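Order of the sequence lines fixes the chain letters, A, B, ..., with proteins taken first and strands second; residue numbering starts at 1 for each chain. Please read these numbers as outputs of a predicted model, since none were measured by experiment.
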Number of protein chains: 2
Amino acid sequence: MSGVGGDQPEIDGPQTDADDSSLGVRARSRARIEASIRKAAEEVFAEMGFEGASTSLIAKRAGLPKANLHYYFKTKNDLYQFVLRDIIELWLNTAQEIQPDADPATALAHYIGQKIDLARDRPIASRVFANEVLHGAPRFDRFMRQDLKDWVERKSAIIEEWIGRGKIDQIDPKHLFFMIWSTTQTYADFSIQIAAVLGRRELIESDYQLAAKQITHIILKGCGLKAPDA
Amino acid sequence: MSGVGGDQPEIDGPQTDADDSSLGVRARSRARIEASIRKAAEEVFAEMGFEGASTSLIAKRAGLPKANLHYYFKTKNDLYQFVLRDIIELWLNTAQEIQPDADPATALAHYIGQKIDLARDRPIASRVFANEVLHGAPRFDRFMRQDLKDWVERKSAIIEEWIGRGKIDQIDPKHLFFMIWSTTQTYADFSIQIAAVLGRRELIESDYQLAAKQITHIILKGCGLKAPDA
DNA sequence: GTCTATACTTGGATAGAC
DNA sequence: GTCTATCCAAGTATAGAC
């Protein structure tokens with residue numbers, strides 16, 4: 001059952017009406033329910049992992065009976081795929097500013113800021129992603145070997161071009177991405193550990209700000225860039 | 001012999017591991033079996049998480065019947081604690097070279113190298129740790145809020161001293177540790193993702209070497225340090 | 001479309017023979 | 001100390017009433 005896109009999860013439900021005229025109200029209602037299921041599922045998958053998550057708990061948090069959830073998503077795996085698709089989209093939509101003609105310092109600073117914002121605003125999505133990868137990505141392989149690999153290669157080519165033009169030190173672009181991903185996502189995935197070390201119950205706004213500032217400073221300076229004028 | 005599994009939760013005992021030269025035949029046999037159980041358990045916990053791991057699979061991989069495993073470890077949680085202790089020790093034994101009179105560049109470079117070595121040599125232990133933190137550290141809280149927090153505060157005080165003496169740029173020591181942890185451990189925890197992006201089935205020696213080199217370079221330069229003479 | 005009740009399966013843990 | 005057989009709880013999924 002590997003592959004996110006190979007066999008797409010049925011976001012339209014078990015049996016769509018051949019008749020489109022009934023869409024309106026019903027489809028809206030369905031969309032609302034699916035959204036509340038997705039939110040509950042994301043939380044539970046993040047907390048307990050795929051195996052640990054129980055459909056009954058997800059149903060309870062979404063405020064409907066377990067059997068009803070199985071009406072909307074035939075299997076637990078279908079529901080999981082539904083959640084993952086959302087997360088993949090978040091990932092692939094970052095780093096828009098990394099472009100050949102951009103200023104490297106500005107673009108990288110912006111990218112790091114974007115990733116820290118995601119860590120603060122969507123930590124749960126990040127944890128579902130991390131959990132999947134951590135456990136061997138059995139339901140995620142296609143995304144990583146195709147979409148993500150392509151993404152990195154496109155972005156790395158741009159950085160290579162920056163290097164060629166002498167706009168940035170000669171570093172390995174791919175490992176630079178691994179560095180940016182890890183340093184920023186750690187504030188979502190391992191926020192509990194960081195909060196514990198900082199003596200807090202949970203991270204606060206100034207923690208994220210300091211993190212973004214210091215990560216940006218060290219990486220930019222480490223790559224031979226000066227802080228952007230911003 | 002009296003030490004039959006049930007009466008003493010192996011977790012908290014000061015009991016040492018494999019050094020069994022002074023023990024009897026029975027204890028030696030017990031230690032061997034416990035070691036094989038630990039190895040199997042570490043693998044299974046890393047792959048499936050705590051909830052997903054089944055004692056039957058652990059028993060199977062350790063080459064003994066399930067009931068027998070429950071003879072050595074009364075509950076799944078006891079076994080998990082047993083595995084965690086080993087990992088905690090690994091963590092707390094790093095960064096010996098971070099000392100007030102050390103050269104910052106040398107000490108940090110060595111620490112980063114040590115962490116990358118761990119990522120390469122003990123990725124499974126790292127993943128069990130990561131999984132525990134990722135899911136809210138329900139069985140790990142005390143370690144993080146006490147031992148680890150103390151550890152970071154001791155080490156951070158040393159770095160503050162370096163800063164005071166002008167040996168290193170003025171950075172936040174704690175967030176520097178978060179940065180070193182995340183950039184290095186990502187090569188264990190998310191090695192599957194990194195390998196996928198690099199187009200490999202698994203990471204190879206040169207990947208770790210390049211990672212260590214680039215992480216060290218960027219962090220040292222980013223902190224205003226020159227590469228150590230080494 | 002939604003809910004109640006239930007069938008079926010897996011997995012943690014134990015009893016008791018050897 | 002070790003193994004077979006078994007109990008019991010939890011969890012996925014479905015049948016069928018409304």
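- Between the CG atom of B/N68 and the P atom of D/dT4 there is a distance of 10 Å, rounded to whole Å.
- If you take OH of A/Y80 and C1' of D/dT12, they are 17 Å apart, rounded to a whole angstrom.
- For A/W151 and A/F177, the ring centers sit closer than 6.0 Å to each other.
- Among residues two or more places apart in sequence or in another chain, the side chain to side chain donor-acceptor pair (under 3.5 Å) test is passed with A/R145 by A/D141.
- Note on A/R85 versus A/E89: no salt bridge recorded, every NZ/NE/NH1/NH2 to OD/OE distance being 4.0 Å or above.
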(request) Going 5' to 3' through nucleotides 11-18 of chain C, assign each nucleotide B (protein heavy atom under 4.0 Å from a base atom), S (under 4.0 Å only from sugar-phosphate atoms) or - (no protein heavy atom that close). (result) SBBB----
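- We find that CG of A/L64 is positioned 11 Å from P of C/dT4, with the value rounded to whole Å.
- With sequence neighbours left out, A/H135 forms a ring-ring contact (aromatic ring centres under 6.0 Å, His included) with no residue at all.
- Spacing between atom CG of A/L69 and atom P of C/dT2 amounts to 12 Å, rounded to whole angstrom units.
- Salt-bridge formation is detected for the pair A/R200/A/D207: a Lys NZ or Arg NE/NH1/NH2 atom is positioned less than 4.0 Å from an Asp or Glu carboxylate oxygen.
- Salt bridge status for B/D86 with B/K39: absent, with no side-chain N to carboxylate O gap under 4.0 Å.
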